[in-house]
Amino acid sequence: MITESLETRISAALARAGAPADSPALVGPATRPEFGDYQANGVMAAAKKLKTNPRALAAQVVEELDLEDMAASVDIAGPGFINIQLKGEWLAAQLGNVLADPRLGVPKDAPQKIVLDYSHPNLAKEMHIGHLRSTVIGDAIARVLEFSGHEVVRHNHVGDWGTQFGMLIAHLDEIADPATELADLEVFYQSARQRFDQDEAFADLSREYVVKLQSGDPHVQRMWQQFIDESLNHGQRIYDALGVGLKPEDVQGESAYNDDLPRVVEDLRAKGLLVESNGAQCVFLE
């Protein structure tokens, strides 16, 4: 607000001093404290267009400038910089006006509906610093957009499908006390991964579990849901501790698209893009 006000007044003073109508004041915070609070640097460019002495033009601009209500001093420095020191009482009045406004003087934008996708935890592991970074940045953006008057749709797309879940569910199915084991997701994942890498029989079993999961086997899907619930609860505890606005209803996993896959396969087959490879339907791109 201060910059805009100074820009308007100094641009008007430039015009009254004879500068071209499109000459900007170029107002910004002073580069050094001893120069004051704000600095206007547009005189040099205007003087170049007029082919006149910039310091002389700056003196004319200051003569035409009316900042008595807000500036304690207005000085010319160097070849034509205009340095401005604001009045303390004027600043205090402006701060008082801002504090009295529930919106702190920030106007609302024309409202839009904005979908914001952030956080993206990997449900096979605990959240790490990369997830926390996107979570905090995403929620900050969501809050700014909402404060600006927009309708924000928070979305949290999570990886809850695929080959690794066959491995995890196969491992979970052999554990007597799943709740205790799932209390530490990172250790659970590492244990399952170690078995998958070192035990070929377990790796084959894991692949069978993937097929069962994607085919809708009730027992496998119940275990999968138990694993997903524990992972999401773990993430939600972190969101709640951070005060983040993401809620369980904002979550959408890759598994949501499973029922659409047969139609996708048929569409690809109709377009002649499918090739069978080792029993799998594949699309090979150039």
Side-chain angles (χ1 to χ4, degrees), residues 113-128 130-131 133-135 138 152-175 178 182 185-186 188-236 246-286:
K113 188 172 186 176
I114 300 174
V115 178
L116 192 61
D117 186 12
Y118 63 101
S119 194
H120 302 171
N122 182 341
L123 297 190
K125 301 179 182 178
E126 293 184 354
M127 292 173 69
H128 57 66
H131 298 126
R133 179 178 57 194
S134 67
T135 299
V152 178
V153 179
R154 288 170 168 83
H155 183 69
N156 191 6
H157 184 73
V158 299
D160 65 351
W161 208 241
T163 303
Q164 64 180 348
F165 283 93
M167 171 189 79
L168 294 166
I169 296 168
H171 186 52
L172 183 65
D173 201 22
E174 297 179 2
I175 292 174
L182 290 178
L185 293 172
E186 198 70 27
F188 180 86
Y189 179 87
Q190 291 170 357
S191 299
R193 186 78 225 185
Q194 185 176 25
R195 290 186 66 192
F196 187 87
D197 291 339
Q198 298 178 0
D199 186 342
E200 187 59 37
F202 179 75
D204 289 339
L205 179 64
S206 299
R207 297 183 185 100
E208 292 176 12
Y209 271 76
V210 174
V211 175
K212 290 179 180 180
L213 175 63
Q214 295 176 342
S215 301
D217 180 279
H219 173 66
V220 173
Q221 288 212 329
R222 277 195 301 273
M223 286 190 296
W224 170 80
Q225 190 63 56
Q226 181 180 0
F227 185 86
I228 297 304
D229 289 345
E230 181 58 40
S231 297
L232 290 176
N233 288 337
H234 167 78
Q236 192 60 51
L246 284 172
K247 301 299 179 187
E249 56 267 27
D250 301 322
V251 173
Q252 182 85 0
E254 293 173 338
S255 58
Y257 312 123
N258 189 57
D259 293 342
D260 292 327
L261 293 180
R263 186 165 67 250
V264 173
V265 171
E266 290 307 314
D267 288 346
L268 292 171
R269 180 174 288 111
K271 295 178 183 297
L273 296 174
L274 280 186
V275 177
E276 185 168 327
S277 175
N278 295 324
Q281 299 297 318
C282 304
V283 176
F284 294 100
L285 304 176
E286 294 180 5

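Source: prediction; values computed, not measured.
- Under a 4.0 Å N-O distance rule, the pair Arg269/Glu266 qualifies as a salt bridge.
- Between Asp250 and Lys247 there is no salt bridge, since no side-chain N of the basic residue sits under 4.0 Å from a carboxylate O of the acidic one.
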TODO: Kindly determine whether Leu232 and Gln236 satisfy side chain to side chain contact (heavy atoms under 4.5 Å, CB included), including the steps that lead there.
DONE: CA-CA 6 Å; Leu232 290 176; Gln236 192 60 51; over 6 Å; no
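- In this structure, the side-chain contact (heavy atoms from CB on, under 4.5 Å) partners of Ala256, at least two apart in sequence or on a different chain, are Gln252.
- Between Gly159 and Phe165 the shortest heavy-atom distance is O-CZ, 3.4 Å.
- Partners of His131 according to the ring-ring contact (aromatic ring centres under 6.0 Å, His included) rule, which considers only residues two or more places apart in sequence or in another chain, are His128.
- Residues that satisfy the side-chain contact (heavy atoms from CB on, under 4.5 Å) test with Val211, not counting sequence neighbours, are Ser215.
- For the pair Ile175 and Phe188, the minimum side-chain heavy-atom distance is below 4.5 Å.
- Taking the salt bridge (charged side-chain N to carboxylate O under 4.0 Å, His left out) definition, one finds that Arg133 meets it with nothing, sequence neighbours left out.
- Residue Met127 comes nearest to Pro121 through the heavy atom pair CG-CB, 3.8 Å, listed as atom of the first residue, atom of the second, then distance.
- Rounded to the nearest 0.5 Å, atoms CD (Gln221) and OG (Ser255) are 9.0 Å apart.
- Summarising the geometry, atom CG belonging to Leu273 is positioned 6.0 Å from atom CG belonging to Leu268; distances are rounded to the nearest 0.5 Å.
- Qualifying ring-ring contact (aromatic ring centres under 6.0 Å, His included) partners for His155, counting only residues two or more places apart in sequence or in other chains: none.
- The side-chain contact (heavy atoms from CB on, under 4.5 Å) test applied to Ser191 returns His171, Val187, not counting sequence neighbours.
- Judged as a side-chain contact (heavy atoms from CB on, under 4.5 Å), and not counting sequence neighbours, the contacts of Lys113 are Glu151, Val153.
- By the ring-ring contact (aromatic ring centres under 6.0 Å, His included) test, Tyr209 is found to be paired with no residue, residues two or more places apart in sequence or in another chain being considered.
- Residues Leu172 and Trp224 form no side-chain contact, since every pair of their non-hydrogen atoms from C-beta on lies 4.5 Å or further apart.
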What side-chain donor-acceptor pairs closer than 3.5 Å can you find for residues 276-286, not counting sequence neighbours?
unit_1 : atom_1 : unit_2 : atom_2 : d
Glu276 : OE1    : Gln281 : NE2    : 3.4

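- Of the inter-residue distances, the one linking Gln164 atom CD with Asn122 atom CG reads 5.5 Å to the nearest 0.5 angstrom.
- Checking side-chain atoms of Asn233 against main-chain N and O of Asp229 turns up a donor-acceptor pair under 3.5 Å.
- Listed by chain and number, the residues in a salt bridge (charged side-chain N to carboxylate O under 4.0 Å, His left out) with Arg195 are Glu174 (sequence neighbours excluded).
- To the nearest 0.5 Å, the span separating CD on Gln225 from CG on Asp160 amounts to 9.0 Å.
- Scored by the salt bridge (charged side-chain N to carboxylate O under 4.0 Å, His left out) test, Asp204 finds Arg207 as partners (sequence neighbours excluded).
- Atom OG1 in Thr163 sits 11.0 Å away from atom CG in Leu168 (nearest 0.5 Å).
- Residues Pro262 and Asn258 come closest through the heavy atom pair CD-O, 3.7 Å.
- The aromatic rings of His157 and His120 lie perpendicular to each other, with more than 60° between the two planes, well past the 30° mark.
- Atoms CG and OG, from Leu213 and Ser206 in turn, are 12.0 Å apart once rounded to the nearest 0.5 Å.
- Residue Glu186 places its CD atom among more than 12 non-hydrogen atoms of other residues, nucleotides or ligands, all under 6.0 Å distant.
- For Thr135, the side chain to side chain donor-acceptor pair (under 3.5 Å) partners two or more places apart in sequence, or in a different chain, are Ser119.
- Across Leu185 and Phe227, no two heavy atoms sit closer than the pair CD2-CE1, 4.4 Å.
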Task: Pair His219-Met223, side chain to side chain contact (heavy atoms under 4.5 Å, CB included): steps then yes or no - done: CA-CA 7 Å; His219 173 66; Met223 286 190 296; 3.5 Å; yes
